[in-house]
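Working notes for the structure below.
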Amino acid sequence: MSRYEPSVIEPKWQKAWDEAQAFLAKRDPARPKYYVLEMFPYPSGRIHMGHVRNYTMGDVVSRYKTAQGFSVLHPMGWDAFGMPAENAAMERGGHPKDWTYSNIADMRGQMKPLGLSIDWTREFATCDPEYYGQQQAMFIDMMEAGLIYRKNAVVNWDPIDMTVLANEQVIDGKGWRSGAAVERRELTQWFFKISDYSEELLNALDGLTNWPEKVRLMQANWIGRSRGLQFGFETVGAPAGFDLLEVYTTRPDTLMGASFAAISPDHPLAKALEADPAVAEFVALCRKGGTSAEEIETAEKIGFDTGIRVKHPLNPDWELPVWIANFILMDYGTGAIFGCPAHDQRDFDFATKYDLPIKAVFEPNDEPIVALTEAYVPLKSERVRYIRGFAGADVQTGDEGVATAIAHAEAQGYGKGVTKFRLRDWGLSRQRYWGCPIPVVHCATCGVVPEAKENLPVRLPDDVTFDIPGNPLDRHPTWRDCTCPKCGAEARRETDTMDTFVDSSWYYARFTAPRAATPTSAADADYWMNVDQYIGGIEHAILHLLYSRFFARAMNKTGHLPAKAIEPFDALFTQGMVTHEIYKTTDARGRPVYHLPEDIVRSDAGATLADGTAVEVIPSAKMSKSKKNVVDPMNIIAAFGADTARWFVMSDSPPERDVEWTSSGAEAAYKFLGRIWTLCSRIGDMPADHVGEGDLDLRKAMARAVNDVTLGIEGFAFNKAIAKIYEFTNTLSKANASTATMKDAIRTLAQLMQPMVPHIAESIWSYQGGTGLCCQAPWPKADPALLVNDEVILPIQINGKRRAEITVPRDMPASEVEKIALADEAVIKFLAGQPVKKIIVVPGRIINVVV
RNA sequence: GCGGGCGUGGUGGAACGGUAGACACAAGCGACUUAAAAUCGCUAGAGCCAAGCUCGUGCGGGUUCGAUUCCCGCCGCCCGCACCA
């Protein structure tokens, strides 16, 4: 066997897999299917280590399941619409389409050398008209099914560029290019009625038992079901039509602590008051800055007293002032609240600032409050003493207080208990070119009309320029002007395109029949759905995954997915990031300067540049170009091969946690593969008739390795599976067993490694006489008889501290074990005659003697 | 600001509530070599000279015979916050 040369063996085996069509997914009713999917990449043009890690994980699962006899679907595609393509067109000319497809070609070229077991015949990009045309067809079906509607919503408006900005393009309240102060402006927008499914999307989380608990919790909190009281405040001095101010509260038990009412600057009442220049000025002030909740909630709380008063529902003589406040969101509840400063920190801050009364409604059950320096907000499950209660017992929990307050309001008729959700409808309109056109036309007589299905896809026009900010579709007369599909009159096309979350909300379904003339094909969807294992970043825990869950339901309602697929992802795994140290120095003006890893010299004294300048090392940061801590997988593959890159990203950290890329770790991975290669060569050179006495021990170690690696892969503990492979390799290299057993052992080792390092595994497999391709060989099974040990070592604790250990037969009864333990010399010494109070024997585990 | 998560040797990490530190990196020592690299072998949480003992899983409490693991409070870092993908 020659030297280990990844650059020779890797292309060779990739070609062999291609020729064998090893990864072509086929509907095979005779076999159980397995659908493994990684979140598809945005085609930035370069793959990074995060991709390598993500796709290697999926590949391990895919190859393992293939070896287990499943008919596996493991596809790949491109989330290809979105802003970066337009930004590139603006910055360096060219067309988003050319930029995107050329990036896709580049990235595909970088991914193929990784040796992933992907069925590339199913590849597509969301910007292919064949894909987005099907999306338009579903949009029309969903429109007709009542799942889509239009309403006004606020956007970030850049008054200089005259364009809508994404939240990430608003920096410190200013447009990223123009630097203009961003304003909130209302536009008519398209929405999916995801709120129709709030309850169901929440309840169905309980069934997603193979999802991480944290993701289910995050989604549940995002959907945010709350039970509260809605009631109308009778107003005094309000404009006509505003006799009642509807408010919603989840803490009606604090009604007697109310000191003001507050409305959102976007509330209809605020709008009605804008005739007053002072109100208009204040509302304009509130509208400054971006639309993101983060920005709104971290902004300084400001308010404006409208002069309007409302009557307290429990005492009409008690009047509260109505304020407009910037932290009240129009999207949640009714856009109006009553403030109870004593038991809500935001209200407390507001009341302190504007000198409004702060009256406690309840106090801790055991100690009265002397003075409130901050809001007192106990858990609702905690029992408190009501000093300004009006319903229920004096001492009750917050939950009970809320329930009795609602009952009181309903009995007296001033309000009713309602359930509300935090989840808002999904706004899908984007005022941008590079997205899926919304397939409707606006007709003067017929109104908003869906495009006829035979006219789909509504293609994006190619002749557009990006020299002026704004949406080129808006200023493209020959595209924009069209005829009404209903009456034939002149009409205008909708120029908004769809949010890219729409594209990624159904690609998993399209992969089951990527060339079908309809969005999905029933037979394929029925065979392949659901995704058995979905893998992606935790950053998608809420939006992408929630939208996909909704979209699957909407597709089911419109006949595009079977009912069994309304929860499209049976199991979810969220992997961590790949990080790297950052190397930083400071220039003469005190600004940070970052350095590439290859420019750093490490020594005992620390890190320096080549000229000896000391470098600050910032550990474990997300790889980013601006910090220059990016490791290009292509360089690693060129230097060490794909197997080394794959092995390293799988070996060093548990997959759900971040992994820090280190060059020493990568070198170590390469050395290990070289060691395996040498070992294989040595075993290959053994005389066929060599007999060793270590056969049984080696077979036991082999069974243990098969068992542990299998459990590791099954449990997504790839780092542990790899540790077991190291252990078994160490055992094998030291073993003195017969040639046949040694060969058997290294073939098994190759199989166990195959999901992670498939190329070297194939070389070992074929060199040692394995049949066919290693990636198509059935997964090894551990002989259960070889897994059990006749004796176990039991540590003995005295008062919880380990003091001795004994070796006993595996099946020895606890009473016998006790006797042996108490007779142990070290135990006797430690007990020193003290009486034994209790002795705990955990069979096969531990003995604890309590004195 | 709100929601979620994470925190273990010099480093990455392992440990059904049951021997803390498997496996690996870096380090040190040794073998081979004229020498270096590569390779192979050994050592290694900290402290006390040591057999051994004490301390030790971000910090402070609690539950338990026993806590890295469960509960409460803090600190630090990371992710998300609806137009980034």
Side-chain angles (χ1 to χ4, degrees), chain A residues 39-42 44 79 81-84 153 155-156 164-170 189 194 212-215 217-222 224 290-299 301 327 331 345-346 349 422-432 499-501 503-504 537-544 546-547 574 576-577 579 602 604 619-620 622 651-654 656-660 662 664-665 667-669 671-672 674-675 678 717 719-720 722-727 730 733 793-805 837-840 842 845-851:
Chain A
M39 291 179 185
F40 66 168
Y42 180 79
S44 62
D79 191 12
F81 275 136
M83 290 199 308
V155 294
N156 301 305
V164 176
L165 298 179
N167 284 338
E168 72 158 6
Q169 297 174 315
V170 178
Q189 309 260 290
I194 190 172
E213 188 56 40
K214 62 181 168 187
V215 174
L217 230 192
M218 281 191 256
Q219 291 216 353
N221 289 341
W222 184 262
T291 59
S292 72
E294 186 183 3
E295 191 163 336
I296 290 167
E297 287 175 32
T298 51
K301 290 162 191 64
F327 60 93
D331 296 309
Q345 191 57 43
R346 283 189 308 188
D349 297 342
R422 207 184 73 99
L423 179 66
R424 309 199 297 256
D425 277 332
W426 172 9
L428 68 114
S429 289
R430 297 293 180 270
Q431 293 71 40
R432 272 188 261 286
D499 178 8
T500 56
F501 275 124
D503 312 335
S504 57
I538 186 70
E539 66 272 20
H540 296 289
I542 294 173
L543 292 180
H544 163 61
L546 189 60
Y547 289 155
T574 55
M577 293 183 301
T579 63
R602 308 291 310 237
D604 291 346
S620 273
K622 186 176 186 168
S651 66
D652 227 41
S653 281
E656 67 276 14
R657 260 204 245 175
D658 292 351
V659 61
E660 172 147 326
T662 60
S664 58
E667 278 159 28
K671 282 183 195 173
F672 174 71
R675 247 179 80 202
T678 310
N719 58 324
K720 286 190 255 172
I722 283 178
K724 297 298 177 184
I725 289 173
Y726 272 109
E727 251 172 44
N730 292 341
S733 67
I793 297 167
L794 291 182
I796 302 170
Q797 292 182 336
I798 292 164
N799 284 346
K801 283 181 190 278
R802 183 186 170 280
R803 296 300 185 189
E805 65 181 35
K837 277 194 206 149
K838 195 171 166 189
I839 181 161
I840 294 147
V842 184
R845 277 281 171 194
I846 204 163
I847 301 152
N848 193 7
V849 182
V850 187
V851 294

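In this text the structure is predicted, and so the values were computed from the model without any measurement. Labels below follow one simple rule: chain letters A, B, ... track the order of the sequence lines, proteins then strands, and each chain is numbered from 1. Any value given below was found using the heavy atoms of this structure, including those in side chains, with hydrogens, waters and symmetry copies removed.
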Under a 4.0 Å heavy-atom criterion, the protein footprint on nucleotides 64-77 of chain B, written with B, S and -, is -BS-----------
The contact string for nucleotides 36-45 of chain B, one letter per nucleotide 5' to 3', using protein heavy atoms under 4.0 Å with B, S and - for base, sugar-phosphate only and none, comes out as ---SSS----
Please classify the nucleic acid contact of [X] as base, sugar-phosphate, or nothing, using heavy-atom distances under 4.0 Å.
X       : result
R803(A) : sugar-phosphate
S429(A) : base
W222(A) : base
F672(A) : nothing
V164(A) : base
D331(A) : nothing
H540(A) : base
G427(A) : sugar-phosphate

Are OP1 or OP2 of [N] and a side-chain N or O of [X] less than 4.0 angstrom apart?
X       : N      : value
N730(A) : C23(B) : no
R424(A) : A82(B) : no
N221(A) : C81(B) : no
K720(A) : A15(B) : yes
R657(A) : G13(B) : yes
K801(A) : C55(B) : yes
S664(A) : A26(B) : no
T500(A) : A85(B) : yes
N167(A) : A82(B) : yes

Determine the interatomic distance between C1' on G45(B) and the same-named atom on G41(B); round to the nearest Å.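 The same atom, C1', in both gives a distance of 23 Å.
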Roughly how far apart, to the nearest Å, are A50(B) and A37(B) at atom C1'? 39 Å
Dot-bracket for RNA chain B, 5' to 3', with Watson-Crick and G-U pairs under 3.5 Å, [ ] for crossing pairs and | for other-strand pairs: what is it? (((((((..(((.....[....))).(((((.......))))).((((...))))..(((((..]....))))))))))))....
Donor/acceptor link under 3.5 angstrom from Q431(A) side chain onto base of C83(B):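 Between C83(B) and Q431(A), which were checked side chain against base, a qualifying N/O pair under 3.5 Å is present.
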Confirm from the modelled atom types if E539(A) and C78(B) form a donor-acceptor pair under 3.5 Å, side chain to base only. no
Please tell me which of the listed nucleotides, A22(B), G18(B), C84(B), lies nearest to the side chain of E727(A)? A22(B)
What's the closest nucleotide to the A293(A) side chain, out of G18(B), C83(B), C81(B)?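 Of the candidates, C81(B) comes closest.
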On RNA chain B, does the nearest nucleotide to R346(A) precede the nearest nucleotide to E656(A) from the 5' side, or the other way round? Give the residue. R346(A)
Assuming nearest nucleotide by heavy-atom distance, tell me which of K301(A) and K724(A) is located more 5' along RNA chain B.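 Looking at RNA chain B, the more 5' nearest nucleotide goes with K301(A).
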For G9(B), decide between syn and anti, treating a glycosidic angle within 90° of 0 as syn.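 Syn conformation for G9(B).
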Quick one: CG on N719(A) to CZ on R657(A), what's the gap to the nearest 0.5 Å? 9.0 Å
Check the angle between the aromatic planes of F501(A) and H544(A) and answer parallel, tilted or perpendicular using the 30° and 60° thresholds. parallel
